[in-house]
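Order of the sequence lines fixes the chain letters, A, B, ..., with proteins taken first and strands second; residue numbering starts at 1 for each chain. Being a predicted model, the structure only gives us computed values, none of them experimental. Note: hydrogens, waters and symmetry copies are ignored here, and every other heavy atom, side chains too, is used.
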2 protein chains.
Amino acid sequence: MTQCDDTIFHTARDALMRTGDTRVWSVIVTIFGDLAPDPQDQISGTTLSDLTRMIGIKPEAMRVALHRLRKDGWISSEKSGRTSSYRLTRQGFEESLAARPRIYATNAGRPGQWHLLLREAQPGASRGKAQARELAPGYLMLMDRVFLGPGRAAGDQGGFVIDGSAASVPDWVKNTVIPEDRAQDYVRLYQDLQAVQAVVQDAPQLSELQVAVLRVLIVHNWRRCILRHADLPDAFFPEHCPAVACRALVGQLLAWLQRPALTVI
Amino acid sequence: MTQCDDTIFHTARDALMRTGDTRVWSVIVTIFGDLAPDPQDQISGTTLSDLTRMIGIKPEAMRVALHRLRKDGWISSEKSGRTSSYRLTRQGFEESLAARPRIYATNAGRPGQWHLLLREAQPGASRGKAQARELAPGYLMLMDRVFLGPGRAAGDQGGFVIDGSAASVPDWVKNTVIPEDRAQDYVRLYQDLQAVQAVVQDAPQLSELQVAVLRVLIVHNWRRCILRHADLPDAFFPEHCPAVACRALVGQLLAWLQRPALTVI
């Protein structure tokens, strides 16, 4: 292995840690989701310690998070002599799998299809956002009794379904589905990803562990943006919200920073 | 001219006059719209008297209605010796022309296209049906801030336009756009049109004047149903509302009862 460029790594890592409000258990979920997504994939305790330490997570915080994830049935652990190893449980695998399409989709591969669901007025029925909780996941309230759903409507949602087709989406609709603070999250993420792109694009020599850390941080930051709102067709993102540009850059960076095999981390 | 069958005429006419709440000026509008639709078409006072008398309108009521329509700028009159003749004014022609597509459309010729218009919430803005008045004509309120419009949206309505495409329209939407009393109007009309069909289909010998009277009554009754609500795509009529069947039967009857030339009435 050639000599590693720590300056480049630190620049990229610090850009991705700028916002700095990463919850430890959530980072570990990202680690498994990106580096050990299958139930047979194992990560050793040593590797987990190295990865989290490089993200600034204290050993004690990691142990607490691992304990919580085991208790919640997300991961399981095995002890072999002095070393522990961890893997996703069936439940952890399935929840991780469900989120993958949204996190790893490319812009080209995203369906533009959406639909509206209009619900009947019901006396004494829940109002506002509480209505959405009665619907299948993925619906987003545009206005009272009107919901935006991804793809085509699945089954009978008990409403009036209109397959989406619109020449343009007005700003007030975009600002309804992506509030301003969500849009600003994407603005910050795009800046951070560009900072990473600037240092990584000269194909620097990074260690496998450094590559793994950068991948985890990229996926984690992206995941925190994209999974925070319903699966919107690209036409619904406000003009100043660079979600589509972020998705392109995430894809490019993950292609550059090829996932290292766990055995060599 | 062959002998006329008064029994058949009276049966058909009485069926069409069953509901009997015909306003005289409105019947005269129908007479011009169907029998003298162009500004150069003239109807003599004698012909108008014959037609309205056969519909059960008293001479005095006809004179009052003609006076009102002249005053409103719908028709103009000319005197030549002892006889008067009447024709549509430019305004009367244009208003009549605007309604023709909906009255005389065939089921096959009707566009299935529709669209939804979602309006932005505005503080202090009008609520409910008052919102529709701020829109171009032809919109029908489905729910607060949601409107159904015919065809494709014309120009900028200041809202979120979604071209209509739906696998099915649920009953509560149909019952919103066609209230029960409107649906019952169609049920009665369909019965009446079938009664006319039953006697007229044997190609009876009717006088030109009788044909004209039946046409006027058919168009008038149909017009009173179809122009009483927004121009709905057929998919939006409730199951028990035979509007589409009525349209087919109106077309068939008007084809059988060919419009007589005014000079021979």
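Taking every heavy atom of both residues into account, Pro170(B) and Gly159(A) meet most closely at CG-O, 3.7 Å. Nearest approach of Ile162(B) to Asp163(A), heavy atoms of both residues: CG2-O, 4.2 Å. The heavy-atom pair separating Arg145(B) from Trp172(A) by the smallest distance is NH2-CZ3, 3.8 Å.
When heavy atoms are compared at a cutoff of 4.5 Å, Leu118(B) approaches chain A by way of both its backbone and its side chain. Within the 4.5 angstrom heavy-atom criterion, no atom of Thr176(B) approaches chain A. At a 4.5 Å heavy-atom cutoff, the contact between Val169(A) and chain B is made by backbone and side-chain atoms alike.
Within the 4.5 Å cutoff, the side chain of Asp144(B) has no heavy atoms near those of the Asp144(A) side chain.
Between Phe236(A) and Phe160(B), the ring-plane angle classifies as perpendicular under the 30° and 60° cut-offs.
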